[in-house]
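Here the structure is laid out as structure tokens; the discussion comes afterwards.
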Amino acid sequence: MEHLLDITGLTVSYYTDIGRAIALNQVDLRLKQGEKLGLVGESGSGKSTMGLAMMRMIKPPGKVEGGSVVIGGVDMLQLSDKEMLKRRLSTISYIPQGAMNSLNPVLKIKRQMIDAYRAHYPDHKLDQIMDLAHEAMRSVELPEHVLEMHPHELSGGMKQRVCIAIGILLRPQIIIADEPTSALDVVTQRQVIETLNRVQQKIGSALILIGHDMGLMAQSMDKVAVMYAGEIVEINDVQTVFTSPKHPYTQALISSLPRLQNRGEFRGIPGMAPSLYRLPSGCRFHPRCNQQQPQCQTTSPRKSVFEDEKYVTCHLYEAT
Amino acid sequence: GGHSLAKVPREQTLVLGWSITSPIGVTNPFASTGYTHQEANNLMWEGLSYFGIFNDEEIPWLADSMEYTKSDYTQLTIKLNAMAQWSDGTPVTSKDVVFTFESQKNNNKLPYHANFKQFVDKVTAVDDKTVVVDFKMPAPRFKFQVLTLKFDTGIPIVPAHVLSKVDNVNEYEGGNDMPHSGPYNLVLWDANQKIYDLNTDWWAVKAGRISMPEVKRVVMFNIGGQVGQGMDVVAQRVVNNEFDATLDMRSSVIGNILRQNSKVTTHSADKPPYGYLDWWPNSLWVNTQLEPYSDARVRRAMSLLINRELINEIIYEGAGIATIYPFPLYPGLEKFANSAAVKKLEAELQPGLYDPDKSAELMKAAGFTMNGDDLWEKDGKTVGAVINGFEGIHSDIVPVLVEMLRNGGIDADINFGTDAYQNMADGKAGLYMFGHGASLKDPYTALELFHSRYSAALGTTAGSNRFSRYSNPEYDKLLDEMAPLGGDDPRFQELAAQALGIYWRDQIDIPVIQWLHRIPYNQTYWTNWPTIANPSLGMNGAFWAHTGMLVVSTLKSAK
Amino acid sequence: MFVIKRLLFVLLVVWSASTITFFIPRISDINPIRERFAELARLGGFSAGELEKIVESYSKAFGLDKPLMQQYFDYIGGVMTLDFGVSLNKFPKTVLMLIAESLPWTIGLILVTTILSFVIGNLVGALAAWPLSPKWVRGVSTSFILFQGVPPVLLAILLIFFVAFKLNILPIAGAYSIGTVPDFTFEFLLDVARHQILPGIALIFGSLGTWVLSMRGMGITIQGEDYVIFAEHKGLSSYTIFKDYYLRNALLPQVTALALALGNVITSAIVVETIFGLPGLGFVLITAIRSNDFLVIYGIVLFITIAVAVLMALVELLYPLLDPRVRQGQE
Amino acid sequence: MINYFKRNISLTIGLGLLIFLILFTLHGLLTVEFKQAYPLAVRPKQPPSLKYLFGTDFFGRDLYTAMVVGVWQTAIIGLLAGAAGTIIGIVLGFISAYFSGLVDVVIKFICQILTPIPAFLIQVVIASSIDKRDVTIITMAVVVFLLSWMAPTLVIRSQVLSMRERQFVAVAKLSGMNSLEIIFKEIFPNLLPFIAAAFVAQVFQAVFASFYLAVIGLGPLREPLLGNTIWAAQSQSAFFNGWWWWPVGPSVAMILILGSLALINMGLDEMANPRIRNKE
Amino acid sequence: MSTATLELKNVSKLYRVGKKEVHALNPISFDLLGDPARIITVAGESGSGKTTLASIMLGLLEPTTGQVLYEGKDVSTLSGSQYRDFRKNVQAVFQDPFAVFNPFYQVDHLLEVPIRKFNPGLSKAARRKAMEEALEAVGLQPSEILGRYPHQLSGGQRQRINVARAIVIKPKILVADEPVSMVDASLRANILEALVSLRENHKVNILYITHDLTTAYHVSDSIIVLYRGSVMEAGDITKVVESPQHPYTQLLINSIPWPDLERKWDNQQYANPDIQEISGEGCKFYSRCPNRKPECQQTPNLVPLFPKHLASCRLHPPKADLDAHLTNNL
Ligand SMILES: Nc1ncnc2c1ncn2[C@@H]1O[C@H](COP(=O)(O)OP(=O)(O)OP(=O)(O)O)[C@@H](O)[C@H]1O
Ligand SMILES: Nc1ncnc2c1ncn2[C@@H]1O[C@H](COP(=O)(O)OP(=O)(O)OP(=O)(O)O)[C@@H](O)[C@H]1O
Ligand SMILES: [Mg+2]
Ligand SMILES: [Mg+2]
């Protein structure tokens with residue numbers, strides 16, 4: 001088993017009054033142990049949905065319609081509810097978007113850690129648990145007395161790191177961090193990302209960093225997956241994405257980025273992201289694409305896979 | 001807390017249901033705001049004599065005899081029973097009687113103070129067991145009205161050796177252990193119940209007045225609420241044999257009790273009207289000083305709107321208790337009502353007539369016109385006829401009266417508020433539904449309620465039950481002449497008929513119903529309740545009346 | 001400092017309540033003593049003139065002849081020391097004695113039912129908003145909300161008629177079985193408890209809906225909170241999440257309402273205690289209302305006000321223990 | 001819109017019930033003879049039948065008519081007291097929150113001080129101190145509302161306070177709106193669900209308070225208010241005597257009125273709760 | 001086109017929460033002069049007083065000390081017509097693209113109210129036209145936008161309507177408080193473009209408030225760096241970004257996650273942002289400063305180091321011959 005994570009054909013829809021929104025369409029993703037993947041894309045492109053689907057935490061009106069999420073040979077989507085409960089945090093852990101409010105305001109940090117631990121190892125002694133909690137705190141560079149504090153006594157960055165500490169408490173094989181820094185200022189942002197990197201290295205797990213800040217991806221990720229309207233349009237190593245992006249959307253995205261060199265230049269992507277309820281035919285990006293081909297309007301492109309599980313979904317490239 | 005009472009089996013216990021409202025611990029008859037004989041204190045306190053209404057005879061008690069010793073009713077001699085004694089062993093003597101009488105005369109907070117002050121000149125103890133009362137004026141009714149216990153009137157004798165040592169008798173509670181002469185000792189009193197145990201050393205048994213009571217324990221259980229309210233719950237408890245007797249009930253309720261428990265009986269067994277006549281006929285009292293009721297035509301017009309037959313039919317399930325008299329038709333009074341003079345007046349004045357047309361004529365004559373709402377109006381004002389009353393006992397009749405008046409154009413409404421009594425007592429309101437607790441043997445006391453000596457000005461308090469504030473010198477003259485005469489005196493009968501004539505003619509108030517006591521008697525544990533078939537000592541069956549002690553003492557175990 | 005502030009607040013509440021009860025009746029011309037004696041006169045043989053004299057002498061005894069302001073200050077002074085004066089109806093009993101006599105019954109009933117309805121109502125409300133609850137919970141919660149509209153009188157009558165009278169499984173009414181001598185044996189306490197069940201149910205249903213309704217709203221808000229979702233990510237069992245992350249947080253604002261609810265339940269207690277013949281505070285109150293025993297009415301109003309104000313202050317003092325967020329803002 | 005009602009079932013059922021009650025009453029008011037709601041109008045103690053839909057009571061009222069009139073009168077008390085309490089609450093709440101400073105301190109303080117005083121008991125004290133001849137449905141409403149405006153005041157106040165901090169208020173200010181315009185055009189519409197909920201709660205309280213006042217004999221007793229009818233049935237031991245229809249009819253009406261309000265309240269709760277609304 | 005001036009004189013703000021005092025803004029003075037129109041960035045971490053400064057400038061918040069002068073007059077004492085003029089000419093674009101909308105109204109409300117208020121004479125059609133033009137100017141299709149409710153639009157759309165509002169009013173001075181922090185990268189460019197064109201085409205002076213130095217560098221002419229309510233460094237944007245003088249600014253610039261593989265975060269040991277401030281005398285950054293010296297315990301002044309470049313740091317001696325006035329260095 002070469003890959004730690006193997007997602008194939010993952011499809012998720014939300015059923016609402018307006019209709020069915022396919023928030024995740026036939027998504028494939030493979031990850032090796034210790035790999036760091038950045039998951040980027042516009043708001044609403046399905047990044048969080050992807051993370052949640054891996055956790056099996058899609059709630060009504062959402063529904064996982066198909067596909068598999070295999071971690072270490074076990075398909076998460078086939079497990080019983082009870083077994084899945086055990087896997088959360090221990091096999092795969094998700095540090096949610098908006099960690100500011102992710103800690104219960106009336107419980108001490110310690111208690112929230114103990115709860116998480118006890119849910120998986122009900123018979124362990126408190127001493128043992130506390131040792132682990134201390135270790136987790138150390139690895140996110142927080143003093144131990146933070147354990148005795150309540151969330152409101154912590155700053156935003158500290159809260160975010162507490163969430164990370166909880167997320168790694170059971171040394172999961174995969175950590176998903178959903179926009180852990182979008183509400184933080186640059187200094188704190190950097191601190192959090194570096195903490196995440198360090199911790200990931202220490203426990204050797206794979207890391208999926210969800211976000212739309214390409215800067216953060218450039219700073220710390222190995223690979224980048226670009227999502228557009230519920231699909232992964234391109235996965236590539238970070239180098240390629242920034243220097244020679246393949247997909248026209250990725251290209252537009254990269255060229256819209258502000259850098260030191262191109263001061264005063266703005267190149268937004270023209271047009272609007274499509275509504276998931278009214279997707280364009282063919283390639284979902286074609287209405288905004290500057291390299292449109294005739295078949296783009298009618299047929300959905302298929303994957304062109306490069307080496308090492310990297311691929312692009314675009315008619316410009318030959319399908320494999 | 002901390003009581004350790006002997007267990008008494010249910011078969012030897014009498015359970016009575018009553019709304020107990022008096023303050024816990026008040027057993028002293030002289031305690032001025034809290035004492036009532038009704039809540040089983042009648043089992044502790046005895047009178048000189050009792051009156052058995054259904055046998056129409058006096059029952060000598062603490063006194064062996066009580067006689068007017070001057071033919072003009074100005075002197076009364078009382079001879080006490082030689083065995084009579086307080087529960088602490090002290091004999092009941094003239095000293096106690098004199099103390100009781102003197103207290104009533106001198107202490108204005110005692111209920112019979114007015115009577116004593118009006119009539120009594122002096123009270124003398126001739127010897128240990130003989131007392132002579134000298135009156136200021138002829139007092140032919142004093143012995144019966146004041147000194148004889150019956151229904152809710154009369155005074156009990158209190159122990160001088162206890163009360164004379166108390167600083168302020170009006171504020172002295174008495175408590176459970178106060179020496180008394182009656183057959184039962186109060187052994188427990190909390191918010192839920194009062195428990196009385198038999199005093200096996202009761203003087204009356206030794207004196208041969210009565211045999212030893214079979215009821216070993218009396219539990220008066222607090223059913224809560226205002227008298228007459230929430231009776232459905234009480235009824236269910238009677239059906240379940242929890243209560244042996246309770247306060248009286250509406251006819252529909254008692255009918256349903258009898259249907260559901262064959263052991264329960266009533267004064268008239270299982271036949272309507274299920275009760276006996278109380279001394280408390282209810283009138284619609286009218287404030288005769290208040291516009292527009294000061295006009296006799298308006299009062300009469302209102303009376304003409306009352307359909308007494310319909311009242312009998314709707315509210316009392318056919319029991320013919322609607323009345324035209326301000327007194328109950330007990331034997332002596334029934335004789336008076338049936339006398340030729342009264343019959344003639346009745347035919348002439350038609351006091352019970354229901355005639356809306358005639359009523360309308362009178363209203364027009366009184367200057368009223370019918371307005372757009374079909375209500376009589378004068379000077380832009382309708383007849384603001386709010387009937388004040390007590391929800392517990394009047395919630396059945398008053399709404400019906402209101403509607404009868406409204407149908408005839410009188411702008412009537414109901415007030416069962418807490419100020420109902422006060423409104424009437426102060427002369428603020430025009431109409432008040434209430435009883436005449438007065439005559440039992442002859443009509444004097446009832447008719448005397450309308451004497452102008454009680455005609456207080458509006459805004460001042462009318463004396464008890466004198467809400468009419470009626471004033472008529474012609475009427476007063478008749479009453480003054482009647483006062484010194486005995487009830488059997490033919491002159492008295494003649495004058496009484498004339499006075500009743502004025503009552504009807506002027507429609508001083510509007511008599512509506514005789515009051516019935518429909519008391520359920522449960523025979524599961526106790527028999528020998530006083531009923532038509534078994535009058536016992538002739539007393540009424542209300543255990544809460546002064547004569548209730550006789551009811552309890554004569555019960556027989558069902559086993 | 002905070003404690004002193006709260007204490008001052010309680011005093012202010014009591015002061016305004018006593019001012020209201022002092023002045024409102026004085027706006028109208030009702031003289032409670034006269035009212036009371038006039039009523040007594042019904043039974044006895046008082047004559048008009050005498051009655052006025054008695055009223056005068058008692059008014060003096062109660063200090064009603066003093067200047068209004070003097071009376072007012074005496075009254076306030078009395079209230080602050082829990083001296084509500086004497087009952088006119090049950091003279092020479094003091095109002096406080098009457099309250100003390102009835103309090104055990106009321107505390108038993110009101111406290112237990114309020115707490116029960118708080119617990120049940122909030123639990124059901126929370127469950128109703130909890131997405132994992134079975135469907136029928138929503139039905140139950142809705143019916144509880146609808147139950148608010150059932151007049152406690154009707155409920156009491158139905159319970160008595162069917163449960164106690166027809167089925168005969170519980171006593172019909174009363175505080176304990178007739179003829180029982182109160183003591184502290186287990187048997188007696190059991191008897192008392194059996195007598196409290198039906199009135200308890202009648203009371204609980206009256207207030208259940210309010211809790212369900214507010215808790216449901218609260219629950220809906222909390223259930224979407226990020227920390228509840230994160231708790232799920234942590235792999236906690238739904239039971240733990242429900243208990244520690246959802247219910248506990250949603251319950252916090254409800255606690256503040258508890259003290260107020262205790263004050264309001266007395267209203268339904270009046271009816272329920274009357275129908276069941278329980279000699280509690282509500283029963284004393286309605287007796288006082290019916291017999292114009294004004295000082296008792298005011299005394300009970302004030303007593304309840306004080307109790308509620310003190311409870312509210314207590315809740316506020318204790319609240320920081322439950323909710324650490326408040327702790328900080330205080331000092 | 002229709003979709004919204006489909007989702008907000010409580011609101012839909014509540015409104016449905018309310019509309020049914022309104023139609024029932026309106027239809028009734030147009031067809032019944034009012035006199036039949038008062039004693040001596042029809043044969044007493046009749047069980048429900050085609051002739052007497054809801055039966056007749058001990059006094060000879062037609063209970064169907066009594067119900068129509070009773071629902072109407074109960075509604076009037078509820079609406080009057082509810083409206084008055086809510087309006088006072090809105091006005092004071094707005095004044096307090098928007099202008100802050102001393103006014104706010106005073107209003108808030110008064111509300112907080114009055115809150116622990118059991119309103120019903122004060123209502124009893126007042127009702128027993130006024131002349132009974134003046135006790136009408138209107139005075140009843142006044143008595144009820146006198147001490148029930150504090151809750152809406154506090155609710156509105158806190159809502160306005162939080163609303164005031166919302167950015168759209170700052171934007172409105174920047175757009176040149178003055179304080180009054182901001183209050184009425186920006187803040188007020190957003191408080192509608194809260195106001196409606198406060199109103200519903202007020203009505204609820206008013207209906208119950210009028211019922212309890214009837215129980216202690218302080219209401220306009222002749223009128224067939226639902227509470228009066230229920231209490232009259234209880235006074236005549238209707239259940240024990242087998243006249244079950246007498247208390248049951250008005251009780252059901254009361255349950256329907258209050259139940260529909262509770263459901264609407266529940267629905268409005270959902271409406272006011274952004275978490276639910278945002279899912280639209 | 002006439003110019004408008006907004007002048008801050010020793011403005012400071014102190015919040016009192018219970019017994020706690022928060023010096024959200026320490027005394028600061030500068031003016032926004034009309035011509036030529038510029039974009040000035042106010043940057044700083046969360047809680048540094050950026051929004052406080054904006055609110056004071058907009059007249060939404062009373063300063064604790066000092067005055068805000070509009071055309072030389074204190075804004076708190078403006079007369080009716082002057083006040084309206086101030087309102088029209090000093091406008092804002094706010095951070096949260098949802099909160100600025102009143103959920104009760106359609107999005108038109110946001111645009112229509114200022115038009116009606118500031119151009120009372122316009123007909124309905126003219127108003128509609130103004131709205132449409134503004135929407136088109138920010139790249140939105142009016143037919144897709146007008147008549148809809150805020151929750152029916154995406155964050156990017158809402159944020160652009162927000163900018164359109166500023167275009168519709170055509171103020172002289174625009175305070176943009178984090179106008180792009182909530183939108184994703186591709187939209188960010190669009191919005192910033194709109195802001196820049198406001199300056200270019202309408203001569204609007206813009207105060208751009210952000211903690212995102214990447215975008216600041218791209219759009220603005222000069223910058224003020226705030227830290228805990230005090231100005232740490234100010235001046236020409238390229239100077240400050242390219243050679244930051246104050247340790248705090250250095251830290252900030254170093255922490256920018258440039259989307260650039262060439263420019264990775266260095267390994268410099270940064271000070272822990274968790275350390276809470278000790279209020280009182282001294283440099284606000286003292287506790288976190290890697291180069292702190294004893295003399296830093298005395299509050300430093302904002303002094304010129306180079307032309308168009310000020311800093312308040314005791315490590316740098318002032319250049320006495322340069323103008324120390326903040327405005328002149330922006
Ligand atoms: N509970 C839901 N009900 C209906 N639609 C939903 C729900 N949750 C998400 N969606 C839709 O699914 C799509 C993907 O949402 P998702 O939250 O995964 O996006 P995202 O990429 O994480 O966006 P963001 O950057 O804003 O967090 C969106 O269009 C969203 O509207
Ligand atoms: N209304 C207020 N009451 C009390 N303190 C406040 C208030 N508003 C802001 N503060 C405090 O003032 C300081 C500055 O706040 P401000 O909102 O101006 O910061 P900011 O730079 O805009 O931060 P952010 O980047 O988080 O928006 C902070 O410490 C904040 O907690
Ligand atoms: Mg997301
Ligand atoms: Mg800010």
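Proteins get letters first, then strands, A, B, ... in listed order; numbering begins at 1 in each.
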Can you say whether [X] sits under 4.5 Å from chain D via the side chain, the backbone, both, or neither, judging by heavy atoms?
X         : result
Val271(C) : side chain
Ser268(C) : both
Ile160(C) : neither
Leu158(C) : side chain
Ile20(C)  : side chain
Leu154(C) : side chain
Leu12(C)  : both
Leu285(C) : side chain
Phe144(C) : neither

Within the 6.0 Å centroid threshold, strictly below: Trp130(C) and Tyr246(C):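 Judged by ring-centre distance (under 6.0 Å), Trp130(C) and Tyr246(C) do meet the cut-off.
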When rounded to the nearest 0.5 angstrom, what distance separates CD1 in Ile156(D) from CE in Met163(D)?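 Atom-to-atom, Ile156(D):CD1 and Met163(D):CE are 9.5 Å apart.
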To the nearest 0.5 Å, what is the distance between OG (Ser260(D)) and CD1 (Ile19(D))?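 Ser260(D) atom OG to Ile19(D) atom CD1 measures 10.0 Å (nearest 0.5 Å).
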Determine whether more than 12 heavy atoms belonging to other residues, nucleotides or ligands lie under 6.0 Å from atom NZ of Lys45(D).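 Correct, the count exceeds 12.
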Pairwise side-chain contact, [X] with [Y], heavy-atom cut-off 4.5 Å (strictly under):
X         : Y         : value
Leu79(D)  : Phe199(D) : yes
Tyr227(C) : Asn249(C) : yes
Pro199(C) : Leu278(C) : yes

Under 4.5 Å from a heavy atom of chain C, the part of [X] involved:
X         : answer
Leu261(D) : neither
Phe211(D) : side chain
Ile255(D) : both

Closest non-hydrogen atom pair, Thr153(D) against Gly89(D):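 Nearest heavy atoms, Thr153(D) then Gly89(D): OG1-CA, 3.2 Å.
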If you tally heavy-atom pairs under 4.5 Å against chain C, which of Phe240(D), Trp244(D), Phe239(D), Trp231(D) wins? Phe239(D)
Could you tell me whether the side chain of Asn265(D) and the main chain of Val200(D) form a donor-acceptor pair under 3.5 Å? no
Would you mind telling me which of Val308(C), Val10(C), Val13(C) has the largest number of heavy-atom pairs within less than 4.5 Å of chain D? Val13(C)
